[in-house]
Amino acid sequence: MTYTLNSGRVIPQGAFVEHKISQGYREATSVLFIHPMDLFQLGIESGDKVRVTSAAGSVVLRTEETETLREGCVFIALGPYANAITGGYSHGTGMPDYKAIPVEIEPTDDPVMTVWDLMEEIGGLRYDN
Amino acid sequence: MGEILLKNAWVIDPISGINGEMMDIAMDGGRIVEYVSDKADVIDAEGFLTLPGGIDSHTHTSGTKVNFGRYMSPEDMRAGRTPKKGAMHVTSGYSVPTTYGNSYKYSALGYTSLVEGAMAPLEARHTHEEFAFTPLQDSFANVLFDGNWGMLGAIEEGDIKRAAAIIAWTISAVKGFAVKLTNPGGTEAWGFGKNVSCINQTMPRFDITPTEIIRSAIEANELLHLPHSVHLHCNNLGTPGNYTCTLGTFDIVPDLNDTRQTLYATHVQFHSYGGSGWSDFCSKSEPIAQKVNMRPQIVIDMGQVMFGRTTTMTADGPMEFNLYRLHHDKWSNHDVELETGSGIIPVNYRKKNLVNSIMWAIGLELALLVENPWQCLLATDNPNGAPFVKYPEVIALLMSKKYRDAEFATVHQDTGKRVPLPAIDRELTWHDIAVMTRAGQARALGITGVGKGYLLPGAEADIAVYPIRVDDIDPAQQYEEVIKGFSQTEYTIKRGRVVSRRGDALVHGENTTFWVKPNVPSEYDMTHDERFKEHFERYYSIRMSNYPVQEEYLHRNYCIRTETDLSTTHD
Amino acid sequence: MIIEDVPCPFCGCLCDDITLTIKNNRIVGVENCCVLGNAKYLSKQRLKHPIMRKEGKWVEVSFDEAIEETARILSGATRPLLYGWSGTYNEAQVTAVHLAEELGALIDSTTSVCHNPSILAIQEVGHPGCTLGQVKNRADLVIYWGCNPIEAHPRHLSRYTTYADGYFFENTVSDRKVVVVDVRESETAKIADEFIQVKPGGDYLILSALRAMVRGRGDVVPATVAGVKKEQLQRVVDLCQKARYGAVFFGLGVSMTRGKYKNIRNAIELVSELNRKTKFTISAMRGHYNVYGFNEVLTWMAGYPFAVDFSRGIAFYNPGETTVIDVLARKEPDACLVVASDPGAHFPKTCIEHMAAIPTIQIDPCVNPTTALCQVQIPVAITGIEVAGTAYRMDGVPIRMKKVVETEFPTDKQILDRICERVRELNGNG
Amino acid sequence: MKVTITLWDRDNPLIPVEAEMITPDAFFSGEEIIIAVGNRHMRLDGIADIHIEGEASSAAEVAIEIRGDSARFKRVGEMMTAGSITIEGDIGMHCGNFMSGGSIEILGSADGWLGREMKGGEIICHGDAGDYCGAGYRGGRKGMRGGSIEVVGSVGDFACEHIAGGEVIIRGNTGDYPCAEMKGGTVIILGDCSRVCANMSAGTCYVYGYADEMIPTFERIGCVDRDGLQLHHFRGDVANRGHGDLYVARYGYLS
């Protein structure tokens, strides 16, 4: 089924802004918030991993349940994980669709990548001296 | 800024009593001197009209709302773009050019000093940042006090000395030059969407009227011996019938200073309207000019309107909202806590529009009906009445009845019934224009003492040489030549250096910011006033220690120190 | 040593009441600050030397070599892009604009991916705004639309709105009403007197409905709009009209969703309409502490707040064409300089793919995801901690950032000045 | 005069080229045609073969044909007053900006801002057109003011934003917000669209397909017959005190 993904600022992501290579930042930005009913329908539990796929790409995230969202709407902190599934088309405005992205969600056992992994996947080179 | 000799200059220098003499002017170290050595660079002025550098005593070129005028108007920015060229940076903008754009264009017109008409103290740093990128003119900032809670509170308490002390602290903290009141009482009322109707209406938040604010500010200003007088934008700008309010305001102005006026009333065109509404809107320039003629303690500027697109911007928030409701175009508003407000809307003054045509006539009438040119200065309230690049046309209109008649034939056909302009024959002289564009400004601003507005030894070497041979043209007939001549200097000299030649800026330049610091006795120093501090920390959104503009923002600057009459033993 | 009234270099609130304790040239204590600012003040992670990629490996290089390489790359480029700027001070941003002009480059800031739509809307209809103290003293109705200040601007409510002391209030909390509009029940929504949960992308439709209702034309509005019942919309309209002073704050929840700037335009027009009845203002919740400063600098220098293309020698502006996301997605730039921002963490994948494919240089104190995309990174002093300079709060109030500790790192301005000077020499304009 | 411009393959075909001098007016006047490739200015004949046949006594007699990869060529036909331009392939942004006369025919697709602030003349695009077709410049004064645009395929978002005059026919679908802030002129959309005519104040728009997520502040006036179809007639945008006419065959709201 198709879900609507929003991204936005949250405290843990903000607090790790100066430490984006850290475990803390990775944990804060690779969580998919999702309604318990949606988890139920996916047949998984809060904390399980899912693969989220949009027209722009796909990424593995860990789930966390919340009732603050409507069913069918999912949320992720802004950051490199959100961007892995955000497209570059801006409708002629300069602003890409960071919000209300249609996505497919399926359970997975694949690992959540690190930030460096994500950067190397698109041609970057990690610096971990 | 080495030695320069400007030869064969045909000089008009009203402050020095020179009215058309062929002279050589020597400069050294940025000042005019008696002699220079034979090593001096020689510039031949070829008998061209040579005047002290132009001074705009009321313009909007720098600061929060000016920049917002740019920010919100990409269509205006694209209307005036120039590429990087020699020493000149890229510029954009027609009615609100970028800082470099303002500086280069003003320099091409021979202007070397600019007074920013309205600076909100809380945002003063911004104005100073832009001054730093207006390199070819010296800068002065009028500081807005119309809704200053500290000052208004002191006036409410009847304590003029405290009001003066608050003015002194604020003006030197923000490195400002003069006291500006914009729609006094009205901008504060606008905080809750209200306004005041005229000078005798009590404000909502303080138990005082605009009359009391204006009078008290004038008294406080004189207690502080500030170089300039209070600089007033009257209440009720732009409304039909407002001339009675303006006359009433002029009536309450005492004569307190024997070297200059006690009140500078700005853009008076916008305050000289008759009628009870837009349908019977008409000019009341005659009673206003008569009043000015009778009251030497008042100096005004024209606030001339010229046809075409421009952007209006003022601290008068409620007025701009009314204008927005009339035009339905964009509207920006920016209220500044405990101090003032501002509004911006774009306008297009059209000849087909009767009201616009009457406004155009009123500005000219004021300049022609005020007998003494020292009492009516030339300005468009740039960019409110028109962008300053229209000054040459304004000059030509004032010097030529023929030009006025030709223009008048193209405005709205009913204008003649509403304005006295067609019946006015006066044509201003070169000397009058020199007064209205530099000497009068220097005297009204009180800056002759720092070397502005004249060309005798000791003065700042700010000079404009226009490609006009006064004996060869009749301005009454050859008005096109007047426009052309004033549109582009042959040389603009700033602080003893040629900064602009035939329209092109030649150097990056560096301006000087002039600011005042009244010497206040310690009991009137607000830095240590517990009540003032407590009120500040409680209601402002920034800390008092972060409020004063730091020295880093001033670069080159000149502090005018004044002695004050605040000491307690004085009473 | 205790230093008081320090402005915080984190978010657009630019709180200027932070107290820092300094020991041995290190910040050891932070007071009055939120968790976000606190983390920045106490951060120890940073890049210690300039680094450059050589033969597929990172090597340490001198500042001279890094600057030379940067100038060489930029001056040789046909379509250079200069991006970032929101995390540095105005004085450095000024040099950036001069550099862009010298290079014939595109220059854009993080505004492009945050409040770009707000600016486009303001350019269409203007902006009835105010300084934050005006809200603090007067606003009896605060509307947070598509923003979540409790998490993104943690002290916004206590310094400027709901919990702030205000001149016209006896009881600051009970005398003010709060309305929150969001797609999810955020932390801020939990404290609202009225929470409007809108369907994603439905903001525009709700704003239109509110405008019609304020005008007394609720008759045309359907019973439900974007998931919100007409009755609730009427309650909000009543709250607005009864308010003495209403303040709307909006965030990326409005600017990033469907319709983009049209949403903000509609919100501004609602506020303009409400000003016919009472007093209303509207303000953007700007993110970086000096994102607004760059808008101001570029505007006074080039005439436009962001996204300026100097390639033709004049300043050209057209978001959607000259904006960073679009030029990267179209793969136009052939060199890129990133300063004081982190596109690696914040741009869509397709955009950073192109950054990784062209010579990209970063000037930033920290190692971050963008580091991986670069050929060169030059570490610098941290603004507001190690270097003083001007920043603009979200409401346009300029504040001087302080230097509180000494550093051996050069400043952004020093590095940019040297690059600019070297580019002039290489261009034959030295 | 027939001008054939054959573009060479470029080393980096992704760098945009600004070519506002490619107009019948410029070729008629015989000016040197300067273009900009990124930040480098050069002569057009430095990146293309230019073949000129015959004479012209006015710009109206100049016919330009562009061959090769012109997808990144911007501002072709800007300010043109007469004559014709035929583009064999795709064309970049701002084709026909401010044009006041003559015709442009695009056999491929057009990028954004096709016919921006156009005053007269006609544009036919056989493929699709990008965002802001027939729109205005930032700052929102007036979009297209006169002339006509026909797009055979579909168009992107914000088509005809601020349109104040002229006629636009879109045979395919539009993206979001066609005719936003419409002030005048006529727009005909034969396919589907969403959020049409938001905040319009005047002008006329016909949607023969499905109008999704209608703006909730239009007043339904009744029904009319047009070209054998029943169209619902709306007036608005009420939120904006508007009195524009919107006719739609089928519609729905986001409720």
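Because the structure is predicted, anything quoted here is derived from the model rather than measured. Letters A, B, ... mirror the listed sequences (proteins, then strands); counts begin at 1.
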Is it the backbone or the side chain of Glu353(C) that comes under 4.5 Å from a heavy atom of chain A, or both, or neither? both
How many angstroms lie between CG in Asp326(C) and OG1 in Thr93(A), if you round to the nearest 0.5 Å? 7.0 Å
Heavy-atom pair count under 4.5 Å with chain A, highest-scoring of Ile325(C), Thr323(C), Thr350(C): Ile325(C)
Between Leu120(C) and chain A, which part of the residue has a heavy atom less than 4.5 Å away: side chain, backbone, both or neither? side chain
Non-hydrogen atoms of chain C under 4.5 Å away: do they reach the side chain of Ile21(A), the backbone, both or neither? side chain
Max heavy-atom pairs within cutoff under 4.5 Å with chain A, candidates Val183(C), Asn148(C), Asp342(C), goes to Asp342(C)
Check each atom of Asp97(A) against the heavy atoms of chain C and say whether the ones under 4.5 Å are side chain, backbone, both or neither. both
His91(A) NE2 to Arg258(C) CZ distance, which is reported to the nearest 0.5 Å: 9.0 Å
Chain C contact via Phe75(A) - side chain, backbone, both or neither, heavy atoms under 4.5 Å: side chain
What is the minimum heavy-atom distance between Val113(C) and Pro96(A), and which atoms define it? CG1-CD, 4.2 Å
How far apart are the closest heavy atoms of Gly124(A) and Ala356(C), and which atoms are they? N-CB, 4.3 Å
With chain C, which of Ala56(A), Gly87(A), Ala100(A) has the greatest number of heavy-atom pairs at distances under 4.5 Å? Gly87(A)
Do Leu373(C) and Met119(A) touch side chain to side chain, with heavy atoms closer than 4.5 Å? yes
Does any heavy atom of chain A fall under 4.5 Å from the side chain of Lys260(C), the backbone, both, or neither of them? side chain
Can you tell which part of Lys190(C) gets under 4.5 Å to a heavy atom of chain A, answering side chain, backbone, both or neither? side chain
Quick one: OG on Ser58(A) to NZ on Lys349(C), what's the gap to the nearest 0.5 Å? 7.0 Å
Separation between NE2 (His346(C)) and CG (Asn83(A)), nearest 0.5 Å, reads 7.5 Å
Give me the atom names and distance for the closest heavy-atom approach of His19(A) to Gln45(C). CE1-CB, 3.4 Å
Assert top hit (heavy-atom pairs under 4.5 Å, partner chain C, pool Arg70(A), Glu120(A), Glu121(A)) equals Arg70(A)
Region of Tyr25(A) in contact with chain C, defined by heavy-atom distances below 4.5 Å: side chain
Of all of Ala152(C), Gly251(C), Ser112(C), which one pairs up most often with chain A through heavy atoms under 4.5 Å apart? Ser112(C)
Between NE2 on residue His35(A) and CZ on residue Arg184(C), distance to nearest 0.5 Å: 14.0 Å
Has Glu104(A) got more than 12 heavy atoms of other residues, nucleotides or ligands less than 6.0 Å from its CD? yes
Where does Arg53(C) contact chain A at under 4.5 Å (heavy atoms): side chain, backbone, both or neither? side chain
Distance-minimising heavy-atom pair for Pro80(A) and Gly344(C): CB-O, 4.3 Å
What is the minimum heavy-atom distance between Tyr127(A) and Thr371(C), and which atoms define it? CB-CG2, 3.9 Å
Pro200(C), Ala345(C), Cys374(C), Ala39(C): which one forms the most heavy-atom pairs within less than 4.5 Å of chain A? Ala345(C)
Considering only heavy atoms, which portion of Phe10(C) lies under 4.5 Å from any heavy atom of chain A: side chain, backbone, both, or neither? side chain
Relative to chain A, which of Thr322(C), Asn116(C), Asn38(C), Asp182(C) shows the most heavy atom pairs under 4.5 Å? Asn116(C)
Please check: side-chain N/O of Trp58(C) versus main-chain N/O of Asp128(A), any donor-acceptor pairing under 3.5 Å? no
Once you round to the nearest 0.5 Å, how far does CD of Gln197(C) lie from SG of Cys73(A)? 8.0 Å
Contact part of Ser43(C) toward chain A, heavy-atom cut-off under 4.5 Å: side chain, backbone, both or neither? both
Taking side chain as everything from C-beta outward and backbone as N, CA, C, O, which of these in Thr4(A) sits under 4.5 Å from a heavy atom of chain C? Side chain, backbone, both or neither. side chain
Minimal non-hydrogen separation, Pro369(C) against Val115(A), with atom names: CG-CG1, 3.6 Å
Chain A heavy atoms under 4.5 Å from Leu328(C): which part of the residue, side chain, backbone, both or neither? neither
Can you tell me if Glu71(A) has over 12 outside heavy atoms packed within less than 6.0 Å of its CD? yes
Can you tell which part of Ala329(C) gets under 4.5 Å to a heavy atom of chain A, answering side chain, backbone, both or neither? side chain
Heavy-atom distance under 4.5 Å to chain A: side chain of Pro154(C), backbone, both or neither? side chain
Answer with side chain, backbone, both or neither: which region of Phe347(C) has an atom nearer than 4.5 Å to a non-hydrogen atom of chain A? both
